[in-house]
2 protein chains.
Amino acid sequence: MARPRKPLLSRDRIVEAASALVDAEGLDAVSTRRLAAVLGVSGPSLYNHFRNKDEILDAVADAVSVQVDLSMFEASDPRDWRAALHDWALSYRAALAAHPHIVPVLARGPGRRPAGLRVADAVFGAMVGAGWPPAQATRIGALMRYFITGSALGSFARGFVDDESAYDPADYPHLGQAHLLAERGREVDEGAFETGLRALLDGLALQYEEYARPTETVRRAPKRP
Amino acid sequence: MARPRKPLLSRDRIVEAASALVDAEGLDAVSTRRLAAVLGVSGPSLYNHFRNKDEILDAVADAVSVQVDLSMFEASDPRDWRAALHDWALSYRAALAAHPHIVPVLARGPGRRPAGLRVADAVFGAMVGAGWPPAQATRIGALMRYFITGSALGSFARGFVDDESAYDPADYPHLGQAHLLAERGREVDEGAFETGLRALLDGLALQYEEYARPTETVRRAPKRP
DNA sequence: ACCTGAACACCGTTCAAGT
DNA sequence: ACCTGAACACCGTTCAAGT
């Protein structure tokens, strides 16, 4: 065939097909040859549009970051950083849950992925706008990402196996029902995420008061709304 | 050569060599052929000791979990769950930091890895012993792992690139100094981890009080977003 | 039981050749 | 510019054959 008058491929078409393949069969199922076959071309054709396979997977990951809602950070009241962080965390988690197989790529950090950077930028900007010192704002963006991607990657339940024989009670006296965890999978995951997110936000709120009232001698109890 | 009178290989020797290879050159550097070459045997020999490559990497990951200190959970005072959790988190992080390339395997959860399960068991048992309801103890084990492995995997700083051109200020108004982050890598990582760990423990302490005083009149802690 | 070489069905990537 | 087939240097894993 050689060169067609209208390109058969585009970055978008490649990313779309790769995303579908990742979602359907996982990261390992994506080889340049298989991906090319799905697109009706030969393997090397992909290299006209991406430098290598990693760049394709980065683009797939970034397409997920695009789905993360950031509108809460443009809220009128910058004081409401807690609510914004909370809503953003849920949106982030939902985006990852919809494409669990690409999470390992996302969990490594934004790298040069534009949408990933946009997310980091929005969080940092909103926290600074809310009165957090820049150094703390950086940390908050990082630690929230740690928690959210960590939870998406290694959900506690999927981490156990649905097979009682794997857990000899003599070895693990407290894990008697561990094999049941696989069953209660989603339940445990969501519970752990909720509990962790609340703890994180509660804890940050305590720290915020230290920064918001740095001159005060004695720390007051938080005021009740 | 065929079968030697004394085995050339053992699971331990294989794991040791694989660990060294992972540490020195990363996960991708480990192929069955290369690993076998390091050990002075041919590739297929490994299959006499492990069912497949994944099992080898699981064993490498488990060797890291063995390094995690759990002695703090045997402390005399079970009330001191907070201090124990804190010290354990530091020990866990240190173990991961010493072998960063294997973290992606560890972050997926304990699976059937004995040492990984021992860790989960110790945390769960200690939290129940400290008075947490079992359901909450499960969640705490999970969420702590989310945070710790998430932080080890996707350290904020390594996630950025040391190249100013990657961050056009028009696109990311708040990330003007993002390229400096790579430089300040360890600093940011450790700060984010510290801040996050403190927030997590502070937040859990608040929740603990809810459970420790369950008979208190109907007034529950205000549910926040 | 434990190692070997040969073999199978794959990989990611490069490159000259075609239009 | 964009696709092709051929080629290179690899993979993980199976298996019959050797001792």
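Just the heavy atoms: all of them, side chains too, but no hydrogens, waters or symmetry mates, feed the values below. Predicted, not measured: the structure shown is a model, and the values here were computed from it. So that the names make sense, note that chain A is the first sequence line, chain B the second, and so on, each numbered from 1.
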Nearest-neighbour nucleotide for the A/Pro44 side chain, C/dT13, C/dG5, D/dG12 considered: C/dT13
Taking OP1 and OP2 of D/dC3, is either one under 4.0 Å from a side-chain nitrogen or oxygen of A/His49? yes
Roughly how far, to the nearest 0.5 Å, is the OG atom of B/Ser65 from the CG atom of B/Leu106? 4.5 Å
Interatomic distance at P, D/dA9 relative to C/dA9, whole Å: 22 Å
Given D/dC3, D/dT13, C/dG12, identify the nucleotide with an atom nearest to the side chain of A/Ser31. C/dG12
A/Arg51 has an atom CZ; how far is it from atom C1' of C/dC15, in whole Å? 18 Å
Taking any heavy-atom pair under 4.0 Å as a contact, classify B/Thr32: base, sugar-phosphate, or nothing. base
Opposite nucleotide pairing with D/dG12, Watson-Crick or G-U, both atom distances under 3.5 Å: C/dC8
Does a nitrogen or oxygen in the side chain of A/Ser42 sit under 4.0 Å from OP1 or OP2 of D/dC3? no
Please work out whether the ring planes of A/Trp132 and A/Trp81 are parallel, tilted or perpendicular, with thresholds of 30° and 60°. perpendicular
Side-chain contact check for B/Asn48: nearest option of C/dC11, C/dC3, D/dG12 is C/dC3
Among D/dC3, D/dG12, C/dT13, the one nearest A/Leu8 by side-chain distance: D/dC3
Could you check whether A/Ser45 gets within reach of a base, just the sugar-phosphate, or nothing at all, counting any heavy atom under 4.0 Å? base
Have A/Asp69 and A/Ser71 got a donor and an acceptor in their side chains that come within less than 3.5 Å? yes
